[in-house]
Amino acid sequence: MPIFRVLPPASLLSVIQALPDATLLLSAELRIVAVSDTYLAATLTRREDLLGRPVFEAFPDNPAHPEAHAVLNVQASLRQVLETRQPHQMDRLRYDVPDPDHPGRFVERYWQTRNAPVFDEQGRVSHLLHVVTDVTQSVLSDRLLQASEATTRQLRLITDALPVLIGYLDHEEKYRFANHAYQAWFNQTPEELLGRPVREVVGEEAYAGVEPYIRRALAGERLSFSARMPYREGFTRHIHTDYVPDMRDGQVVGFYTLVSDVTEQLLAREQEQVLNQELAAINEELEASNEELRTHHLELVRTQQALVEAAQRQVEERETFYQVFEQTPALIALLSGPEHCYEYVNQAYQSLFPGRRLVGLPMAEALPETVEHGFIALMDNVYRTGETFYGNELLLTVAQPDGRPHQDMYFTFTYQTYREKGAVAGVSIFAFEVTEQVLAREQREQERQRLLGLFMQAPAGICILAGPELVFEFVNPGYQLLLPGRNLLGQSVFKALPEIEGTRVASFLRGVYNTGLTHEEQALLVPIARPADGVVENRYFSFVYQARRDEQGQVNGILAFVFEVTAQQQAVAALRESEARFRIMADAAPNQVWAVNSDTTIRYANQAFLDFVGVSLEEYEATGWAAYLPADELERAQHTLEQAISTRSLYRLEHRMRRHDGEYRWLLSQGAPSFYPSGELYGYVGSAIDITELKQANEQLMRTNQDLDNFVYAASHDLKQPVNNLAGLLEEVRRGSVFADPEEEHLLVPLVQEALQQLSVTIDDLAALGQAQQLSQAPAELVSLDDLTEEVVNTLEPQVRAARARITTDFSARPALSFARANLRTILLNLLGNSLKYADPDRPARIHVSVWVERNQPVLVVEDNGLGFDAQKHGAELFHLFRRLHTHTPGTGVGLYLVNRIVEARGGSIEVDSQPGQGATFRIRLGGG
């Protein structure tokens, strides 16, 4: 680009008009002198409308887009050229031009701009060349590409969160899109599926079942159907599918496919049909829904009484002169002679050195610490020269009585001579202890340094602006990172950031300084120039401006906390652009799809959801789900969603919801968090499935198990008496009959007795199982562990003696538990009974029972040194019904099953550690207490 030394003549102006570049020739006052034809065509203007006019009058800002700061940016560049006398190449900028066909409107334009000086014969800048290149089409193309990429990423994020298979097949039946759910079904990532025919992916047998539907979808028909799909050996699913054709210019180019897995619902119906055949099975997973009760012990708060300060010593009043000394809070002493012997000390002075004799002794002898700190040297100099010494906040480390640590004390004082008969007789001391003030100032300085350290480490941008000119007094690294390459400290904010002058930021700053009122902004657009080339960028900031005040309460500066949120704002725009496509796909989904904001307000519900509740999206957004949930379930549902959002965890809830026909249906709602690229939570996306029929099947199963428990309990009681009768008849037969063969008697009678004993024990265990079910609803009460353990040990006294057992306890952590007493007794009785039953015969049994607290939950621990077992190998089956690991002693395998059932019914759990020959440890988390 040539830089003219003189103003071109009229003939040269004609050359400028014919230049191929879009060019303006401006005077030093920024008036249009000449314009090229190319410029006129690019800006939709006429030469006669431009010549002689100020350039920014001819081309004002577009009021619809003030954030572009077009005039400000070009004006800054032209001023830079005038000041530096050097050409300036601007970054691409938006500068809309007036629309000649629609007055008051503007046409969107983007430009690459170069400004250059033109010099006169004296070397002064007389004119400016303004050369632009229209890059609007390139910018719009880039914008469309970025929007497409952002939409694609968001679409992938949303579809991957849905629990259904979502795909797109082209007219050749090849996959062009597949969400993450496909990977679990076909063991291939969505990327591996792209371009592959559906026949190859799902297999021939499954393809044969859906081929007719595919043909109809490619013919333009929208379909919804259910099918059994044998995808591969061992993997057959029942599905409900929707095909939605993709019509473009009247032609079908492919179709969307949405597949829901309904296998579990079908299996649930089949299970319900065979339910009556399985009444004999005991459902180990049935859990009683008892409300957990926890008792909380109040922590003891201990207080210390302040020590009473020692009574002040009283001294008799002496002369009137000394009475004044005694009453003053200042420290006063008179020392005589070159040895500085104490002649007098007032009460305040003596109290600093309790228990130490001062009067009559030289200072160096009475207070040897004054020698080390240089006070004696100061005293000698005052006595010798007669010059008064003023000490300010000097340190003296004072020895304390009774061997206590030395104490650092600070004093402000004067040493001044006094005379007798015209000669120096001694030195007077007048002092104040200022330890408290010095330590307080040091503490304030430490706090200031800590605060400064926090500011320096804070991720937010923090600065302090001082005085009415708002000069940068402090800038932390976070703030400097927001403005790289700029010298801030010591400069006014308006000089360091000239681009903010005239913006809302400048008015906010001056407003806070003038009024003292805090001002806060969220995501405010602020134009910031890049230091490298001066191009102004649109950036978004959230900030708080707070007035700083002096000791008189007057504003003397501003404290600013600044966060850049440009990336978040860009992400918000990208997410909003993808909403339309997401809603199209969600409306085609057969199940209910919903989305909420991070504050739990409704953002979207698909057509299936709206059809369920029977209202429009606007109506549902206005009322929320509160109008459709039962009143007694609303609080729990809202709390569950809020808890998931606060922890950024998956959301899952079974709840009832009123359908459009007034019937309340059971729904399984599941959702996952959605995030901005910055990691900030955007909201939750999820789906809901009607599980009413499944809930009904489960309720039937629970009633059946209850009936079975009642049957076991009743049968055990009904069988108990016949068994007792058999035992009595056997004894009667033995007394009234004689066996012909004595050996046969000795063989058969023990066998019958053992069989009856086994039958009686089994019936007792069955009765215990039934009783456990009956007691599952028993109310909790406060049970003393010492009393209950003593009762259980007394019951087991014969076994204790047989095992030579010593049983110890430690219930100091929780002496009493809130639990159903009968159930807690059953737990202790079975665990202690097992420890005694399976004691090692080669050594006395040692059993320790204790309680400790974990997360405010009591844990009952039973430890023994018995035979033990391989817990890793047998732990999973330890609590199965009728399962026994040792068979050398009598037993039925019911005790631990019963203990586990009681504990799980209370919401607790059991952990076991054991090795053969090393005893066993049972840790029972009781779920309450």
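Sequence positions, counted from 1, serve as the residue numbers for this chain.
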Results of side chain to side chain donor-acceptor pair (under 3.5 Å) for [X] - residues two or more places apart only:
X	value
Glu654	Lys695
Ser850	none
Glu854	Arg925
Arg825	Glu791, Thr795

Out of the candidates Ile827, Leu829, Leu828, only one should pair with Leu831 under the side-chain contact (heavy atoms from CB on, under 4.5 Å) rule; please name it.
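The residue from Ile827, Leu829, Leu828 that satisfies side-chain contact (heavy atoms from CB on, under 4.5 Å) with Leu831 turns out to be Ile827.
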For [X], all residues meeting side chain to side chain contact (heavy atoms under 4.5 Å, CB included), sequence neighbours excluded:
X	value
Ser646	Gln643
Leu629	Trp625, Leu634, Ala637, His655, Met657
Ala595	Arg603, Tyr604, Val685
Arg923	Trp852, Val859, Val861, Glu911, Asp913, Thr921

Which heavy atom of [X] sits nearest to which heavy atom of [Y], and what is that distance?
X	Y	answer
Gln670	Trp594	O-CZ2, 3.6 Å
Pro815	Ser812	CD-O, 4.0 Å
Ser914	Gly868	OG-CA, 3.4 Å
Val851	Leu785	CG2-CD1, 3.4 Å
Pro230	Thr236	CA-OG1, 3.5 Å
Pro673	Leu681	CB-CD1, 3.8 Å

Ser909 and Glu904: side-chain donor and acceptor closer than 3.5 Å?
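No pair is found: no donor N or O on one side chain lies under 3.5 Å from an acceptor on the other.
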Given side chains that start at C-beta, do those of [X] and [Y] come closer than 4.5 Å, heavy atoms only?
X	Y	answer
Tyr231	Ile239	yes
Phe675	Arg648	yes
Leu782	Leu817	no

Does CZ in Arg232 sit with more than 12 non-hydrogen atoms of other residues, nucleotides or ligands closer than 6.0 Å?
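Atom CZ in Arg232 is crowded, with more than 12 foreign heavy atoms closer than 6.0 Å.
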Can you confirm whether Glu797 is buried at CD, in the sense that more than 12 heavy atoms of other residues, nucleotides or ligands lie under 6.0 Å from that atom?
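Yes, the 6.0 Å shell around CD holds more than 12 heavy atoms from other groups.
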As an exercise, state the distance from [atom1] of [X] to [atom2] of [Y], rounded to the nearest 0.5 Å.
X	Y	atom1	atom2	result
Ile691	Arg656	CD1	CZ	12.5 Å
His848	Arg806	NE2	CZ	10.5 Å
Ile807	Ser835	CD1	OG	8.5 Å
Tyr838	Leu867	OH	CG	9.5 Å
Ile645	Ser598	CD1	OG	7.0 Å
Leu653	Leu641	CG	CG	9.0 Å

Parallel, tilted or perpendicular: which describes the rings of Phe869 and Phe922, with under 30° parallel and over 60° perpendicular?
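Ring orientation of Phe869 relative to Phe922: tilted.
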Quick one: salt bridge (charged side-chain N to carboxylate O under 4.0 Å, His left out) pairs with a partner in residues 858-867, sequence neighbours left out?
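Found none.
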[X] side chain to [Y] main-chain N or O, any donor-acceptor pair under 3.5 Å?
X	Y	result
Thr692	Trp666	yes
Asn597	Thr600	no
Thr640	Arg636	yes
Asn865	Arg846	yes
Thr826	Ala822	yes
Asn900	Ile902	no
Asn591	Ala688	no
Arg237	Trp185	no

Before you tell me yes or no, could you show the steps for Thr808 and Val849 under side chain to side chain contact (heavy atoms under 4.5 Å, CB included), namely the whole-Å CA-CA distance, both residues' side-chain angles and the distance that decides it to 0.1 Å?
CA-CA 6 Å; Thr808 58; Val849 186; over 6 Å; no
For Asp599, enumerate each residue passing the salt bridge (charged side-chain N to carboxylate O under 4.0 Å, His left out) test, keeping only those at least two apart in sequence or located in another chain.
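Asp599 satisfies salt bridge (charged side-chain N to carboxylate O under 4.0 Å, His left out) with no residue once adjacent residues are dropped.
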State yes or no: are the ring centers of Tyr651 and Tyr684 separated by less than 6.0 Å?
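Aromatic pair excluded; centres sit 6.0 Å or further apart.
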Between Leu165 and Phe186, does a side chain to side chain contact (heavy atoms under 4.5 Å, CB included) hold up when you go through it step by step?
CA-CA 11 Å; Leu165 275 64; Phe186 301 110; 4.1 Å; yes
Could I get the full list of ring pair (Phe, Tyr, Trp, His ring centres under 6.0 Å) partners for Phe811, not counting sequence neighbours?
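None.
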Considering residues at least two apart in sequence or located in another chain, which fulfil the ring pair (Phe, Tyr, Trp, His ring centres under 6.0 Å) criterion with Phe612?
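Testing Phe612 for ring pair (Phe, Tyr, Trp, His ring centres under 6.0 Å), a comparison that skips the adjacent residues, returns none.
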Could you walk me through whether Leu667 and Ile689 pass the side chain to side chain contact (heavy atoms under 4.5 Å, CB included) test, one step at a time?
CA-CA 5 Å; Leu667 300 181; Ile689 301 173; over 6 Å; no
